Amino acid sequence: MADEKEQRYDPAAVETKWMQRWAADSSLYAAEPASGGKPKYYVLEMLPYPSGQLHMGHVRNYSIGDALARHMWMRGYNVLHPMGWDAFGLPAENAALKNNTPPREWTLHNVAAMKRQMQRIGFSYDWATEVTTCLPEYYRWNQWFFLRMHEKGLVYRKKSKVNWCPECATVLANEQVVDGCCWRHEETKVEQRDLEQWFLRITAYAEELLNDLETLEGWPEKVRTMQRNWIGRSQGTEVDFFLEEINHGTGERGNEGTERRRIRVFTTRVDTIFGATSVQLAPEHPLVAALTCQDAGLRAQVAGLIEEQRRAREAGDVGAIEKHGVPTGRFAVNPYNGETIPIWIANYVLMEYGTGAIMSVPGHDERDFEFAKKYAIPIRRVIAPAGGPGNEPSDEPELPFTAEDGLLVNSGEYSGLSCAEAQKRLKDVAVRGGFGEAKVIFRLKDWGVSRQRYWGTPIPMIHCERDGLVPVPDAHLPVILPEKIEITQTGGSPLARVADFVNVTCPRCGGPAKRETDTMDTFVDSSWYFYRYTDAKNNAAPFGRERAGYWFPIDQYIGGVEHAILHLIYSRFWTKVMRDLAMVKNSEPATRLFTQGMVIRNGAKMSKSKGNVVSPDDMVAQYGADATRMYALFAAPPDRDLDWQEDGVAGVSRFLGRVWRLAMRHAAVVKDAATGSHPSSQERSKEWATSSCSGTAQKLLRKMHRTIAKITLDFEGRWHFNTCVAAIMEYVNALQDADAQLGSGEVPSSVLRELLQTLALLLAPFAPYLAAELWVQLGGQGSILRAPWPESDPGLAKENEIEVPVQINGKLVAVVRVAADADGQTMEAAALADEKVKARTAGKTPAKVIVVPGRAVNLVVK
RNA sequence: GCGGAAGUGGUGAAAUGGCAAACACACUAGCCUUAGGAGCUAGCGCCCAAAAGGCUUGCGGGUUCAAGUCCCGCCUUCCGCACCA
């Protein structure tokens with residue numbers, strides 16, 4: 001036997017065989033009903049867009065989820081591990097234009113192709129729960145949710161600015177605007193247009209979305225921080241300044257007899273209001289028209305400011321343009337002290353935030369300071385740092401002084417108060433005086449879901465001439481997206497030209513009416529898809545309450561960090577809405593979130609233009625699916641970027657070949673060994689005590705138990721799969737080093753069997769094809785996919801003897817061997833007896849000896 | 001500017017405060033041969049001809065018997081947000 005040429009492992013043959021066998025068994029990866037009594041585990045990877053090709057980022061993402069799912073099955077959990085397709089979106093329309101293929105056909109063709117790729121790699125999805133978002137049985141529930149939200153006042157319509165390409169005659173997403181031009185027409189400037197749009201009132205949940213971030217301890221801090229910033233809560237005060245009216249006949253200023261007009265500003269620092277030396281309006285502020293009506297030159301300047309802001313916004317560097325503004329010649333009155341200060345129009349004030357007007361306090365705000373310097377507006381100090389003797393204000397801080405831990409000065413009756421105290425009092429005075437209130441402002445905006453495109457969920461609303469906006473009744477759902485239509489890039493939404501679709505009778509009055517032709521943002525589809533997996537065939541509801549109640553929240557969600565804001569904030573919002581509709585009990589969709597790093601090559605993200613794209617198909621064809629996915633886990637910890645090196649894949653493939661040959665050398669002996677379960681830990685311990693188990697066998701069993709412990713711990717803890725794979729490699733190296741003893745019978749066949757079967761079990765989450773084949777070849781019982789995960793016995797994992805470093809003054813000088821359970825005295829004695837140590841101490845007695853049992857000895861010698 | 005993460009051999013990386021570089025890749029030398037993208041053996045952080053020895057985790061301090069790891073201050077890179085009042 002030994003002389004005979006060993007057979008090489010042929011991944012293509014073995015993997016294809018098992019792929020077909022597994023595909024034929026629909027129960028293999030199926031979730032069980034709740035009544036089974038097992039603990040549940042819902043592991044989810046973000047669903048892909050069906051572009052037609054898996055890329056390496058997908059392979060990495062799904063390899064992580066797959067290893068976890070397989071591990072949890074082996075640990076005895078009832079696992080839900082589904083997959084689906086985020087199948088609406090613009091690429092299908094572009095492909096339709098380019099190839100004259102209908103979007104539906106193109107999309108479903110891609111879905112089939114990618115599903116084949118996933119099956120070839122061997123991902124353990126339950127295809128019975130597959131969700132495809134572009135099919136009516138899914139998107140009808142988008143429409144259903146839209147109607148429920150409409151009933152709850154969470155849907156509204158309003159005019160809003162959108163990116164508009166005049167060449168395409170359609171709206172563009174922000175991502176499709178490149179340097180202010182259309183991505184398809186590089187010469188065409190994108191315009192900002194005002195259009196009626198549908199919005200979802202996500203801001204109604206702003207406070208809760210923010211607060212609940214605190215409960216998401218299983219989410220990366222980075223994602224929580226990004227969401228916190230995105231929601232952008234800020235607490236402050238709104239205050240009305242009074243507009244000083246002008247009598248145009250006499251030119252006199254005054255307010256006799258009339259209700260005074262007001263300019264409302266928002267500030268987080270009302271305590272600095274005595275330092276306000278101007279009021280600044282955003283160029284688009286509604287009052288601007290009235291203030292500039294007498295002065296054409298002024299109007300032109302304002303138009304210039306707006307134009308400049310627009311250009312900057314399109315170029316994506318609003319923050320970079322220089323601050324400037326124009327004085328209106330008009331004045332406002334500070335409600336606290338009656339002071340009259342000029343009104344300016346400034347390009348750094350944003351209409352979209354707060355009230356579109358601010359009080360400018362150059363002494364205590366960086367931006368106001370810069371502006372005031374430029375235009376010689378007075379700068380006044382009204383806050384001084386505390387800290388002099390007796391806590392009086394200290395001298396002249398450098399301006400602008402923006403810290404909030406000071407005392408008020410030059411602020412009338414409020415002088416001497418702390419900032420915090422002053423904020424409280426000034427707010428109360430404003431409320432009592434009827435010129436202000438406490439206010440919380442969010443950066444988060446309502447979610448604009450209208451898209452003037454074809455390939456998306458039709459918005460279920462009808463415009464009736466008589467009844468206005470009328471929701472489509474539930475009984476009429478789904479509003480089917482028409483097929484076989486002409487897709488063009490001119491003339492707005494393609495749906496608007498489909499007469500059969502547009503013309504309907506009003507459900508309320510029966511008169512002629514027109515359908516809404518906007519479709520929904522595709523982020524709607526992905527906001528709740530993971531609930532549908534629990535009940536994918538339900539015709540009566542998006543999903544059943546009991547099923548969702550059993551499976552939710554998701555135990556582990558895995559995906560790219562690029563979804564940290566949009567998808568993950570929308571789906572948190574959607575979950576809270578569903579909770580308020582009494583459809584689910586959980587307030588958050590996922591307990592734990594993991595964001596894996598990018599797959600890069602030669603230090604750059606893979607992209608066609610860089611020519612550094614690696615195709616999963618090529619890798620699988622050359623090295624096999626096991627080697628490809630195992631490399632994806634081995635090359636780096638999963639949260640870090642992974643540099644794809646083909647030599648590394650080849651290395652993993654050689655390793656799997658070594659495993660194969662090692663196992664096959666001993667398969668015959670192992671298969672003949674007694675069947676049934678392995679000896680218990682107690683029996684093994686007894687064998688050791690009676691030395692019927694040789695030194696080599698003990699050593700290898702010890703290594704085995706240590707390897708099990710390490711891998712099990714990593715699955716439960718920090719998820720460093722690279723060190724899991726390394727641990728398996730070490731284990732295999734140890735077995736291979738003892739190959740002679742394994743073959744000679746020095747290691748009993750029952751031990752040999754346990755060593756090799758355990759190897760197959762440890763490999764199962766990472767290299768399932770090879771593991772399945774080994775399991776059969778080694779006489780394993782049943783399917784390895786449901787075989788129990790091996791248990792590590794701490795007693796058997798323990799070493800007899802350990803090496804202990806001996807340091808002198810913290811520097812390593814020797815290593816001594818002692819019994820693993822040696823006490824401090826024994827270790828100290830062993831250290832002092834060492835020749836090198838004796839030479840170094842040169843007869844001096846150590847001033848101090850630190851012994852850390854089982855770890856180290858350190859001698860302090862002066 | 002604000003926030004987050006990271007910085008260790010030629011490369012990917014490893015290291016509950018306790019022997020820095022495990023596990024791989026690449027490379028070097030040798031063996032084997034049914035000549036393979038195969039297998040096996042050995043070497044492989046830096047300095048010194050070698051040994052002995054010394055040095056080494058971005059930089060500078062500190063805490064500790066002991067620091068890649070903890071603390072303080074810098075530098076660099078990547079990512080996100082950014083005129084948010």
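Order of the sequence lines sets the chain letters (A, B, ...), proteins ahead of strands, with each chain counted from 1. Small disclaimer: the values here were computed from a predicted structure and weren't measured.
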Just wondering, are more than 12 heavy atoms of other shown residues or ligands nearer than 6.0 Å to CD in Gln825(A)?
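No.
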
Within the 4.0 Å heavy-atom criterion, would you say Asp639(A) contacts the bases, only the backbone, or no part of the nucleic acid?
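Counting heavy atoms under 4.0 Å across all strands, no contact is made by Asp639(A).
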
If you look at every strand shown and take non-hydrogen atoms under 4.0 Å, does Asn858(A) touch a base, only sugar-phosphate, or nothing?
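If one applies the 4.0 Å heavy-atom cut-off, Asn858(A) turns out to touch a base.
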
Any chance you could measure Asp639(A), atom CG, to Phe594(A), atom CZ, to the nearest 0.5 Å?
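So the CG of Asp639(A) and the CZ of Phe594(A) are separated by 4.5 Å.
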
When you measure from the side-chain N and O atoms of [X] to the phosphate of [N], is any distance below 4.0 Å, counting only OP1 and OP2?
| X | N | result |
| --- | --- | --- |
| Thr225(A) | G80(B) | no |
| Gln227(A) | G80(B) | no |
| Arg224(A) | G3(B) | no |
| Arg654(A) | C25(B) | yes |
| Asn722(A) | A14(B) | yes |
| Arg640(A) | A14(B) | yes |
| Arg718(A) | A15(B) | yes |
| Lys836(A) | C19(B) | no |

Partner nucleotide of [N] by Watson-Crick or wobble geometry (both distances under 3.5 Å):
| N | result |
| --- | --- |
| A35(B) | none |
| G80(B) | C2(B) |
| A49(B) | none |

Expressed as a whole number of Å, how far does the C1' atom of G17(B) sit from that of U64(B)?
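It works out to 9 Å between them.
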
Any chance the side chains of Gln645(A) and Tyr631(A) put a donor and an acceptor closer than 3.5 Å?
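There is no such pair between these side chains.
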
When you check the glycosidic angle of G9(B), does it come out syn, meaning within 90° of 0, or anti?
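Syn for G9(B); the angle stays within 90° of 0.
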
What are the two closest non-hydrogen atoms of Val620(A) and Thr628(A), and how far apart are they?
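Shortest heavy-atom contact: N-OG1, 3.7 Å.
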
Please work out whether the ring planes of Trp344(A) and Tyr375(A) are parallel, tilted or perpendicular, with thresholds of 30° and 60°.
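Taking Tyr375(A) first and then Trp344(A), their aromatic rings sit tilted (interplane angle of 30° to 60°).
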
